[in-house]
Amino acid sequence: MLVLVAPGQGAQTPGFLTPWLDLPDAADRVGAWSEAIGLDLVHYGTKADAEEIRDTAVAQPLLVAAGLLSAAALGGPAPDAVAGHSVGEFTAAALAGVLDDTAALRLVRARGLAMAEAAAVTRTGMSALLGGDPEVTVPHLEKLGLTAANVNGAGQIVAAGTMEQLASLAEDKPEGVRRVVPLQVAGAFHTQHMAPAVARLEEAARDLAPADPKVAYVSNKDGRTVATGADVVTRLVGQVANPVRWDLCMETFQRLGATALVEVCPGGTLTGIAKRALPGVKTLALKTPDDLDAARALIAEHAGAAS
């Protein structure tokens, strides 16, 4: 039983899209997406520096485009389930057939712009906490005024809030937490700081005609599989200002009987978590096209096992 997953913001690195554009028709496809959303994805994926692609309005559509491009290059049988972390949910929605690629990119472009605008109101950010017990960590974050914005499982929680609150966290770690690592994001995503972006995204999603998922779609909201396209879109909109429960998504992968997990480009983050949280599940991250053959072999061996 194969799960295909898509990473969230912070996974991007300068030039990461470059080798993918050498694949047949890839440059034309990305060029068409760029024109459709009014953003030069080729430039940002190949020539832009780390600071340029840290911009929320750029990073989000760039990540979704990379995920869709790498997933299309896989070919072969469809996965049994899909999920994405934060903005990766838009990639997953397209992979599940809920939205076509261009609609997903247009919606995520609106999301990135709205979240960037919300993030500009107050200096906010996010930091990953490695180690510790959630029952100890979460109340400690609340005491500091922070939100557990990503509960990722495998001993990782991401805190979000103002830069002053995050500075206090660095000086006052919860008991059992080994490290606090600032993330390369431009705001306190999945918190009340993003509430203004929800209304903007509702407006952008109003005229969509989503289809029901063709494969199991696992939601960040609560780890549940979602049966209708309308519900997927509602969850995509609301998730902007609510915590990501990737730990519950992984519990669902286990319940569904996952035996393999492939992470689309720029892969690595979610497979790293899965190696710790899903023992016995084979994992593979798509980083460059050199990873495609191994991924195809894994998919051929595991996809369709659930049926």
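Source: prediction; values computed, not measured.
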Does Glu52 use its side chain to pair, donor to acceptor, with the backbone of Asp49 at less than 3.5 Å?
yes
Looking at Ala36 and Thr102, what are the two nearest heavy atoms and their distance?
CB-CG2, 3.8 Å
Would you check if the side chain of Thr91 reaches a backbone N or O of Leu68 as a donor-acceptor pair within less than 3.5 Å?
no
Side chains of Val158 and Leu183 in contact at under 4.5 Å (non-hydrogen atoms)
yes
May I have the list of side-chain donor-acceptor pairs in residues 149-156 shorter than 3.5 Å, sequence neighbours left out?
{"from": "Asn152", "atom 1": "OD1", "to": "His85", "atom 2": "NE2", "distance (Å)": "2.8"}
{"from": "Asn152", "atom 1": "ND2", "to": "Gln156", "atom 2": "OE1", "distance (Å)": "2.5"}

Among pairs that include at least one residue of residues 138-169, which meet ring-ring contact (aromatic ring centres under 6.0 Å, His included), considering only residues two or more places apart or in two chains?
none
Which side chain to side chain donor-acceptor pair (under 3.5 Å) pairs, counting each pair once, include a residue from residues 12-31, with sequence neighbours left out?
none
By side chain to side chain contact (heavy atoms under 4.5 Å, CB included), Glu251 pairs with (sequence neighbours left out) Leu248
Provide the closest heavy-atom pair for Pro14 versus Ala48 in the form atom of the first, atom of the second, distance.
CB-O, 3.7 Å
Please answer whether the main-chain N or O of Ala258 pairs with a side-chain N or O of Gln254 as donor and acceptor at a distance below 3.5 Å.
no
Where at least one partner belongs to residues 30-47, residue pairs that pass salt bridge (Lys or Arg N to Asp or Glu O under 4.0 Å), sequence neighbours excluded:
none
Could you give the side-chain donor-acceptor pairs of residues 280-290 under 3.5 Å, partners two or more places apart or in another chain?
{"from": "Thr288", "atom 1": "OG1", "to": "Asp290", "atom 2": "N", "distance (Å)": "3.1"}

Side chain to side chain contact (heavy atoms under 4.5 Å, CB included) for Leu63 and Phe90? Distances and angles first, verdict last.
CA-CA 10 Å; Leu63 284 164; Phe90 287 74; over 6 Å; no
Any salt bridge (Lys or Arg N to Asp or Glu O under 4.0 Å) pairs touching residues 84-110, not counting sequence neighbours?
none
Do Pro182 and Leu166 have side chains that get closer than 4.5 Å, going by heavy atoms?
no
On a heavy-atom basis, which atom in Ala159 and which in Leu141 lie closest, and how many Å separate them?
CB-CD2, 3.8 Å
With heavy-atom distances below 4.5 Å as the criterion, would you say the side chains of Thr56 and Phe189 are in contact?
yes
Got a sec, which pairs hit side chain to side chain donor-acceptor pair (under 3.5 Å) with one end in residues 220-231, sequence neighbours left out?
Asp222-Arg235, Asp231-Arg235
His190 meets the ring pair (Phe, Tyr, Trp, His ring centres under 6.0 Å) criterion, sequence neighbours left out, with none
Could you list who else is in Leu130's hydrophobic cluster, with ILVMFWY side chains joined at under 4.5 Å, directly or through other members?
Val181
Sequence neighbours excluded - salt bridge (Lys or Arg N to Asp or Glu O under 4.0 Å) pairs with any residue from residues 261-278:
none
N/O donor to acceptor pairs below 3.5 angstrom from side-chain atoms of residues 192-202, sequence neighbours left out:
{"from": "Arg200", "atom 1": "NH1", "to": "Glu117", "atom 2": "OE1", "distance (Å)": "2.9"}
{"from": "Arg200", "atom 1": "NH1", "to": "Glu117", "atom 2": "OE2", "distance (Å)": "3.4"}

